[in-house]
Amino acid sequence: MNERPEAAEPLEHGLVADPSDPATQVSARSFGAAASVYHQARPGYPAEAIAWLIGDATRVLDLGAGTGKLTEALVALDREVIAVDPVEEMLEELEVAVPGVPRILGTAEDIPIEDDAVDAVVAGQAWHWFQPDRAIPEIARVLRSHGILGLVWNSRDTRVDWLRQAGEIMHERHDASATFESYVNVGPPFGEIVEHTVEWGARMSREAFLDLVRSRSYFISSTPEEQRATIGALEALLATHPDLAGAEELVVPYVTRCFRTSLVD
């Protein structure tokens, strides 16, 4: 009997151990099986954060675009967007969410567009799936002179007690107050990295929060027994925590971390 592939072990900040490891690649592509849940559950990005991330760039490549959460924010800012992702099911959801945006199957290590094609390349919740030694030259290739590379993460703010407890139930070791600086080390041919942070809250029902959990790679790649145990423990937490008991709607606090760098000629 075939054994279920183990998901890549998450590191601090929710990052994976090695983007080139086969287990990591299995985990990344596991999102295809839950693409619809992923899009419905995952929060978008605050306009302030994305406007800062891309500056005055007009033609933007959303790399690892997934179901289009970041694409939606870029289109809302009236930018011309190209979406690239290696999972066809994710791009099918993107087509529904953001019709008319060009969708291309591809990876950060082999971007299927021409040289000097875009003003900015952005990645939302995706940089940790890339192999930087191959992805960085490819990103530089498709960028125009002084083009922008922008990386952004939405992180639940686990300084809030109930979210910290939820993270423990979900076996997360991610602290939204921690820093990505040691990980976001792009290097030549890009220059200095600058950072911008936006704190905000996403309103959602309890069931929507549980769907958010169901959209995570750790949950998707867990056994049915592990999934049931996780959801059961979270339901108990949401019903009994003093900050939540009786509340019909949750306000999930987020920290959006943005990192931006530019090509150096």
Determine, using the 4.5 Å side-chain heavy-atom cutoff (strictly less than), whether [X] and [Y] are members of one ILVMFWY cluster.
X    : Y    : result
V251 : V255 : no
V152 : V194 : yes
W129 : I104 : yes

Nearest heavy-atom pair of [X] and [Y]: which atoms, and what distance?
X    : Y    : value
N154 : G44  : ND2-O, 2.7 Å
A126 : A123 : CB-CB, 4.2 Å
P112 : L105 : CG-O, 3.5 Å
P189 : I136 : CD-CG2, 4.1 Å
P102 : V81  : CD-O, 3.2 Å
V84  : T107 : CG1-N, 4.2 Å

Show, in sequence, the C-alpha distance, side-chain angles and deciding distance for E93 and R103, and conclude whether the salt bridge (charged side-chain N to carboxylate O under 4.0 Å, His left out) test is met. CA-CA 11 Å; E93 288 292 324; R103 299 168 296 114; over 6 Å; no
Measuring only between side-chain heavy atoms, which start at C-beta, is [X] closer than 4.5 Å to [Y]?
X    : Y    : value
V264 : F190 : no
L163 : P253 : yes
E72  : V75  : no

Counting distance only, does the side-chain N/O of [X] pair as donor-acceptor with the main-chain N or O of [Y] below 3.5 Å?
X    : Y    : value
E226 : F219 : no
E249 : R203 : no
T261 : G191 : yes

For this session: In sequence, state the C-alpha distance, the side-chain angles, and the governing distance for M90 and T67, and then conclude on side-chain contact (heavy atoms from CB on, under 4.5 Å).
Result: CA-CA 5 Å; M90 302 292 267; T67 64; 3.8 Å; yes
For V184 and W153: C-alpha separation, side-chain torsions, deciding distance, then whether side-chain contact (heavy atoms from CB on, under 4.5 Å) applies.
CA-CA 11 Å; V184 184; W153 282 269; 3.7 Å; yes
Practice problem: Take L63 and F130 through the side-chain contact (heavy atoms from CB on, under 4.5 Å) test and state the conclusion after the steps. | Solution: CA-CA 10 Å; L63 190 56; F130 302 167; 3.9 Å; yes
Subject >> Heavy-atom neighbours of E207 CD exceed 12 at 6.0 Å >> reply: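 Yes, the 6.0 Å shell around CD holds more than 12 heavy atoms from other groups.
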Self-check item: Other residues, nucleotides, ligands: >12 heavy atoms within 6.0 Å of E192 CD
Solution: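 Counting other residues, nucleotides and ligands, CD of E192 stays at 12 neighbours or fewer.
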*Carefully, step by step, assess V60 and I82 under the rule side-chain contact (heavy atoms from CB on, under 4.5 Å).*
CA-CA 6 Å; V60 183; I82 302 168; over 6 Å; no
Please tabulate, for side-chain N and O atoms in residues 231-246, each donor-acceptor pair with protein atoms closer than 3.5 Å (sequence neighbours left out).
| from | atom 1 | to | atom 2 | distance (Å) |
| --- | --- | --- | --- | --- |
| T240 | OG1 | A236 | O | 2.7 |
| H241 | ND1 | D243 | N | 3.0 |
| H241 | NE2 | D161 | OD2 | 2.7 |

Practice item. Give me the ring orientation class for W200 and Y254: parallel if the planes are under 30° apart, tilted from 30 to 60°, perpendicular past 60°. Key: parallel
To the nearest 0.5 Å, tell me how far [X] [atom1] sits from [Y] [atom2].
X    : Y    : atom1 : atom2 : value
I139 : I148 : CD1   : CD1   : 13.5 Å
I220 : Q227 : CD1   : CD    : 8.5 Å
S155 : Q125 : OG    : CD    : 6.5 Å
L61  : L143 : CG    : CG    : 8.0 Å
K69  : L94  : NZ    : CG    : 11.0 Å
I50  : C258 : CD1   : SG    : 5.5 Å

So the salt bridge (charged side-chain N to carboxylate O under 4.0 Å, His left out) pairs with at least one residue in residues 74-86 (sequence neighbours excluded) are R59-E80
Quick note, salt bridge (charged side-chain N to carboxylate O under 4.0 Å, His left out) partners involving residues 132-150, not counting sequence neighbours, are D115-R141, D119-R144, E138-R141
Using the ring pair (Phe, Tyr, Trp, His ring centres under 6.0 Å) criterion, which residues pair with H196? Sequence neighbours excluded.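 Testing H196 for ring pair (Phe, Tyr, Trp, His ring centres under 6.0 Å), a comparison that skips the adjacent residues, returns W52.
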Residues passing the ring pair (Phe, Tyr, Trp, His ring centres under 6.0 Å) test with F209, sequence neighbours excluded, are W162
E199 meets the side-chain hydrogen bond (donor to acceptor under 3.5 Å, both in side chains) criterion, sequence neighbours left out, with R159
